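The sequence lines fix the lettering, A, B, ..., with proteins before strands; numbering per chain opens at 1. The structure displayed is predicted, hence computed values, not measured ones.
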Amino acid sequence: MTNMTDTSSPVTEAAVNQKSKEAYFTASQGQLIWQRFKRNKSALAGAWVLIILILSGMFAPFLTPYEPTISGRDKDYLNGAPQIPSFCDSNGCSLRPFIYTSTRTRSIQTNFRWVTETDTSLEARRYLTFFTEGASYTYFEFNINLPGEALDFHVPGFKFDTHLFGVEPGMIHLFGTDSTGKDIFSRTLTAVNTSMAVGTIGVIIAFVLALAIGGISGYYGGWIDSVLQMFTDAMKTIPSIPLFMALAAFIPDVWSAEARFFFISMVLGLIGWTTLARRIRTHLLSERNQEYVLAAQLCGASPAHVIRRHLLPSFSSYIIVDLVISFPYMILSETALSFIGLGLKDPVNSLGVMLQNVTSADVLLNYQWYFIPVLFFIVLVLAFVFVGDGLRDAADPYSDSK
Amino acid sequence: MLQFSRFVAIRATLAVFTLVLVSFIVFSLMEMVPGDCAERYLAFKSSQGAVITAADIQAERVRLGLDQPYVQRWGHWIVNAFQGEFGDSCILRLNIRQLIGPKFWLSLGLCLSALLLAYAIAIPVGILAATSKNATVNNGLRFVSYLGLALPNFLLALMIMLFSTLVFGNSLTGLFSKEFRDAAWSVDKFVDFLSHAWLPVFILGWSATAFAIQTVRALMSDEVGKLYVTAARARGVSGRRLLMRYPARHALSPIINSLGFDLNRIFNELPIVALILTLTEAGSLLIEALARSNDQQLAGAIIFLLTASIVGINFITDIILALTDPRIRRSIIG
């Protein structure tokens with residue numbers, strides 16, 4: 001048997017070897033990174049979770065049955081417990097999942113406290129409906145208000161009113177409701193989207209600043225580098241959240257929720273650029289003395305051109321990895337700020353906003369479902385960490401010694 | 001000796017310079033904020049019923065020296081700040097030094113104990129993780145360190161509160177029992193304080209611990225495979241003695257450098273953890289100063305003090321490292 005393989009396969013094996021080697025040597029940087037990334041199971045799992053979470057955040061208006069704002073409230077079910085749809089109970093099974101009807105009463109018998117009674121009889125079953133029509137939502141709607149009447153225009157976008165599921169009659173609350181009757185499930189998915197948006201804006205601003213400051217510092221070196229590095233170091237020494245709190249505290253109360261949102265994301269970016277700037281500078285310092293840079297300079301390329309076309313591509317994969325890794329920090333800082341009431345405010349939903357009132361004894365003792373969104377965010381951050389770690393290993397060309 | 005004192009002098013100058021730069025950044029940020037101290041105070045007074053005119057605001061500005069040029073005011077501020085004087089609070093009209101003095105020391109004490117606890121846990125655990133071949137131990141520790149990032153301190157505090165409320169019926173908040181809250185410091189009060197303080201200290205140090213475990217582990221695993229360890233083992237040294245005398249001494253000295261960085265991490269968590277655990281005695285002053293009162297002077301002073309503590313720690317660790325690590329000592333003294 002061994003002889004057989006020895007005599008028959010060397011040609012094909014060598015060919016296969018040759019081919020795989022050729023594929024390896026001609027593969028682009030992106031293909032190599034993807035190959036290495038695929039081998040890391042936890043990173044791949046993290047990537048899937050991340051994609052699912054991001055998509056469910058983006059399609060939150062469709063996936064969630066109600067609006068996450070006060071207009072989507074259920075005034076008959078305040079501080080309501082989660083309603084889990086089931087298929088079977090003691091009254092028999094149904095193909096269509098159902099929930100029970102709860103009524104809230106308050107009388108002298110209950111000492112004037114609100115008490116929820118759940119009616120589990122067959123008649124009180126409420127069945128889930130799918131592709132239900134409900135509150136309408138729009139995608140790609142823009143209002144542009146430039147100075148001057150003629151420049152104002154309105155893009156109506158696409159209007160939908162179909163939701164993935166609902167219940168007939170009444171409302172369904174998978175994760176329960178909060179003290180004003182807002183659906184926690186709807187709020188959670190919207191909050192995922194908000195956090196991603198805050199993170200994206202913050203990361204983009206941090207990236208641009210880091211690129212400018214790190215780029216100048218690393219490309220020119222010398223005293224410019226020393227001065228900028230001192231500034232970066234000083235910036236790094238200041239504890240960022242207290243600083244952030246100080247800045248956010250001065251947002252005038254009259255600002256709209258949207259203006260707050262952009263300001264908060266911007267400040268996150270303005271504070272979070274230091275680590276990335278340091279990385280870019282170090283890479284540039286080591287790369288700028290290479291011959292290909294000299295060649296480009298001799299050809300008369302401007303510094304901006306050399307940085308953009310020759311130096312950046314040499315470590316763009318590292319930059320992407322750093323951006324992914326800095327994402328969870330942005331999300332967590334925003335959450336922390338909103339939690340203490342200095343970040344985003346009510347009509348905008350984020351985890352921090354949702355957690356604002358949970359430290360009261362009432363919530364801790366009676367309404368533990370307020371904490372459900374926390375799980376989503378732990379999963380979101382963990383997914384980012386796994387993907388970031390996987391990408392870092394994959395982007396390192398020496399990680400597999402071929 | 002002369003070279004060593006020169007090294008200390010250079011480090012001290014650098015530290016002071018960093019602080020000056022920090023003060024410039026903090027001061028500029030405080031300036032960029034809309035409205036100044038005079039407006040804010042008079043707005044506060046007008047909300048109390050007083051009638052305020054534009055001339056009053058101008059007069060108040062002159063009284064506070066706000067009409068002077070920017071650089072001059074900054075210079076004035078920084079000179080006073082180095083003497084521990086931060087002027088009066090914008091709104092409370094109290095001397096900031098008296099206002100935050102004891103609270104600041106208590107906060108700093110909490111944070112330093114958190115740092116100490118973080119390293120007391122991280123160093124043995126990290127060494128264990130680096131040398132253990134046990135997959136369960138390694139995976140468990142990896143998970144803990146990931147959780148250190150994904151479950152930030154304030155969420156951990158929330159979770160512990162939720163858990164302890166459900167299980168013990170007590171949310172474990174505050175720093176003192178009721179009967180000691182306003183009492184003078186005594187042995188009993190101190191014991192009571194310790195019995196309450198361990199939880200905030202642990203929570204404050206939580207993510208720093210998770211990260212420090214990672215660092216210790218990485219540094220140790222780099223060292224344990226080196227030849228001098230093998231040589232020592234060949235000479236018959238083994239077990240804990242081998243680890244502590246050879247690779248740990250090499251691996252641990254860079255960790256001293258990260259103390260300042262970890263203190264920064266802990267300061268980041270202090271205000272929020274303090275709010276959740278209702279540590280009114282300590283860091284929540286920050287939140288009060290920053291959030292509730294819009295007090296530029298107070299906020300600037302607190303951020304400056306926090307940063308000064310980090311710069312101080314960095315300075316001290318530099319000196320300690322130079323004293324204890326012969327490799328660095330050689331490079332300084334020659």
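- Neither the backbone nor the side chain of Phe244(A) comes within less than 4.5 Å of any heavy atom of chain B.
- In plain terms, the two heavy atoms of Pro242(A) and Phe267(B) that are nearest each other are CG-O, 3.9 Å.
- Heavy atoms closer than 4.5 Å to chain B are found in both the backbone and the side chain of Phe231(A).
- To the nearest 0.5 angstrom, Met235(A) atom CE is 14.5 Å from Thr18(B) atom OG1.
- Within the 4.5 angstrom heavy-atom criterion, no atom of Ser333(A) approaches chain B.
- Contact of Phe17(B) with chain A is made through the side chain alone, with heavy-atom distances under 4.5 Å.
- A 4.5 Å side-chain heavy-atom check between Ile303(B) and Ile238(A) finds at least one atom pair inside the cut-off.
- Remark: Phe263(A) CZ is packed, more than 12 non-hydrogen atoms of other residues, nucleotides or ligands lying under 6.0 Å away.
- Between Ile25(B) and Ala234(A), the shortest heavy-atom contact is CD1-CB, 4.1 Å.
- For the side chain to side chain contact (heavy atoms under 4.5 Å, CB included) with Thr237(A), the qualifying choice from Leu19(B), Ile310(B), Leu21(B), Leu306(B) is Ile310(B), the only one to do so.
- Note that CZ of Phe339(A) is 8.0 Å distant from CG of Leu155(B), once rounded to the nearest 0.5 Å.
- Scanning for side chain to side chain donor-acceptor pair (under 3.5 Å) contacts around Thr136(B) gives Asn134(B), with sequence neighbours left out.
- When Ile241(A), Leu243(A), Leu332(A) are each tested for a side chain to side chain contact (heavy atoms under 4.5 Å, CB included) with Asn268(B), only one passes: Ile241(A).
- Proximity to chain B (any heavy atom under 4.5 Å) is restricted, for Leu355(A), to the side chain, taken from C-beta onward.
- Asn264(B) and Ser240(A) make their closest contact through OD1-N, 4.3 Å (heavy atoms, listed as atom of the first residue, atom of the second, distance).
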